[in-house]
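Below: one structure, written as structure tokens.
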Amino acid sequence: MHYLETAVEIAREAGALLAHFFERRVPFELKGEFDLVTEADRASEKLVVEKLRSYFPSHGIVAEEGGGCQGTSEYRWYVDPLDGTTNFAHSFPMFNVTLGLERAGEMIAGVIYDPVRQEMFTAERGAGAYLNHRRIRVSSTQKLSDSLACTGFPSRKRHHNINIHFYYQLAMASHGVRRTGSAALDLAYVASGRLDFFWEFGLKPWDQAAGALLVTEAGGMTTDMRGQALSITASDHLLADNGALHEEVLRTFREIFEGRPPVPLPELG
Ligand code: IPD
Ligand code: CA
Ligand code: CA
């Protein structure tokens, strides 16, 4: 079965649909306080889920807007029909559609498609990671002080997010910390060496499924923020990097978790 090729075809179609809605500017609704959803999220999910079900009727599907199904086989797709909804709703051109396939608990294929730049990121377990058919690799940056980082802040539970402490410390220790608003693209950018590392608290399985595989297939590392093995369904936080920076970033995280941040917060005024 050509799982990856099929996922690429579906992502391209869903991406074209998203691009169409993006041109038109669609209004948003609120799923929760500050948690946006649009007609485009739902239309993209309908397209992706219907296609997956027609090609792979026995596969399970976990999709963000609730359109998934249980399935009867060991295969399960994780689908984010529009990752970066807040950007999308504000006409900020940074969003994607992403599909990741798991077999018996292990990620085996993943696709992240950015229709604005027409960039298709793909990975298959053991076969490397690619951007528009060209092999990609993580960066070779060796020191945190030479790195460019990225993080995110989930819309849900935003008032309980401790990440601002990490943002400040890592921004002081690196060339800077970007916040693009699209976790799957953040991971794809680590895989392609555009970013040296990415972390976030509170990601959902569909935000990480394809991207985590891309990073490891591009030669990088993924764990949770305490250095434990990553489980996209069980881990509450993620660190993805080029491998060389892993220990140094984890050490910095540890100092922050333990209440010994390397740089004191500046006084106001
Ligand atoms: C969100 C984006 C954002 C990240 C959030 C995600 P959504 O996904 O990836 O960058 O910070 O954690 O929930 O809601 O736009 O699909
Ligand atoms: Ca998402
Ligand atoms: Ca989404």
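Computation of the quantities below employed the complete heavy-atom set of this structure, encompassing side-chain atoms and omitting hydrogens, waters and symmetry-equivalent molecules. Remember, it's 1-based here, ligands and their atoms both numbered in the order they're listed.
Within the 4.0 Å heavy-atom shell around ligand 1 one does not find Lys204. Using a 4.0 angstrom heavy-atom cutoff, Leu82 counts as in contact with ligand 1.
Between Phe21 and Phe95, the distance separating the two ring centers is not shorter than 6.0 angstrom. Between Phe121 and Tyr113, the gap from one ring centroid to the other reaches at least 6.0 Å. Here the two rings, on Tyr3 and His59, have centers that are under 6.0 Å apart.
The residue among Glu200, Glu64, Met94 with a heavy atom at the shortest distance from atom 14 (O) of ligand 1 is Glu64. Between atom 1 (C) of ligand 1 and the options Asn87, Asp83, Thr98, Asn96, the minimum heavy-atom separation is to Asp83.
Within the listing of ligand 1, atoms 7 (P), 15 (O), 16 (O) sit less than 4.0 angstrom from a heavy atom of Gly84. Less than 4.0 angstrom separates some heavy atom of Thr85 from each of these atoms of ligand 1: 15 (O). Within ligand 1, counting atoms from 1 as listed, the ones closer than 4.0 Å to a heavy atom of Leu203 are 12 (O). Counting atoms of ligand 1 from 1 in the listed order, those under 4.0 Å from a heavy atom of Gly152 are 11 (O). Residue Asp80 has at least one heavy-atom neighbour below 4.0 Å for each of these atoms of ligand 1: 16 (O). Every atom of ligand 1 with a heavy atom of Ala183 under 4.0 Å away is listed here by number and element: 2 (C), 9 (O), 10 (O).
Hydrophobic clustering places Leu245 together with Leu250 (ILVMFWY residues linked when any side-chain heavy atoms are closer than 4.5 Å, directly or through intermediates).
Side-chain contact between Trp199 and Val177: present, with at least one pair of heavy atoms (C-beta onward) separated by less than 4.5 Å. Within the 4.5 Å cutoff, no side-chain heavy atoms of His175 are placed close to those of Ser147.
By the criterion of a heavy-atom distance under 4.0 Å, the backbone of Phe153, and not its side chain, is placed next to ligand 1. For Thr180, no heavy-atom contact with ligand 1 is shorter than 4.0 Å. Using a 4.0 Å cut-off between heavy atoms, Arg179 contacts ligand 1 through its side chain alone, with no backbone atom that close. If you look at Asp186 next to ligand 1, there are no close heavy atoms at all, none under 4.0 Å. By the criterion of a heavy-atom distance under 4.0 Å, the backbone of Ser182, and not its side chain, is placed next to ligand 1.
Using a 4.0 Å cut-off between a side-chain N of Lys or Arg and a carboxylate O of Asp or Glu, Glu106 and Arg125 qualify as a salt bridge. The pair Arg42-Glu65 fails the salt-bridge criterion, with no side-chain N (NZ, NE, NH1 or NH2) lying under 4.0 Å from an Asp/Glu carboxylate O. The residues Asp114 and Arg117 are annotated as salt-bridged, a charged nitrogen and a carboxylate oxygen being separated by less than 4.0 angstrom. Classification of Glu119 and Arg194 as a salt-bridged pair holds, one side-chain N sitting under 4.0 Å from a carboxylate O.
Between Ala184 and Asp83, the shortest heavy-atom distance links the atoms N-OD2, 2.9 Å.
Per residue Asp207, closest N, O or S atom to the Ca ion (ligand 2): atom name OD1. Nearest N/O/S atom of Asp83 relative to the Ca ion (ligand 2): this is OD1. For Glu64, the N/O/S atom at the shortest distance from the Ca ion (ligand 3) is named OE1.
When rounded to 10 degrees, the angle formed at the Ca ion (ligand 3) by OD1 (Asp80) and O (Leu82) equals 80°.
The aromatic rings of Tyr167 and Phe153 sit tilted, their planes meeting at an angle between 30° and 60°.
When only interatomic distances are considered, the shortest N/O to N/O separation between Ala184 and ligand 1 does not fall below 3.5 Å.
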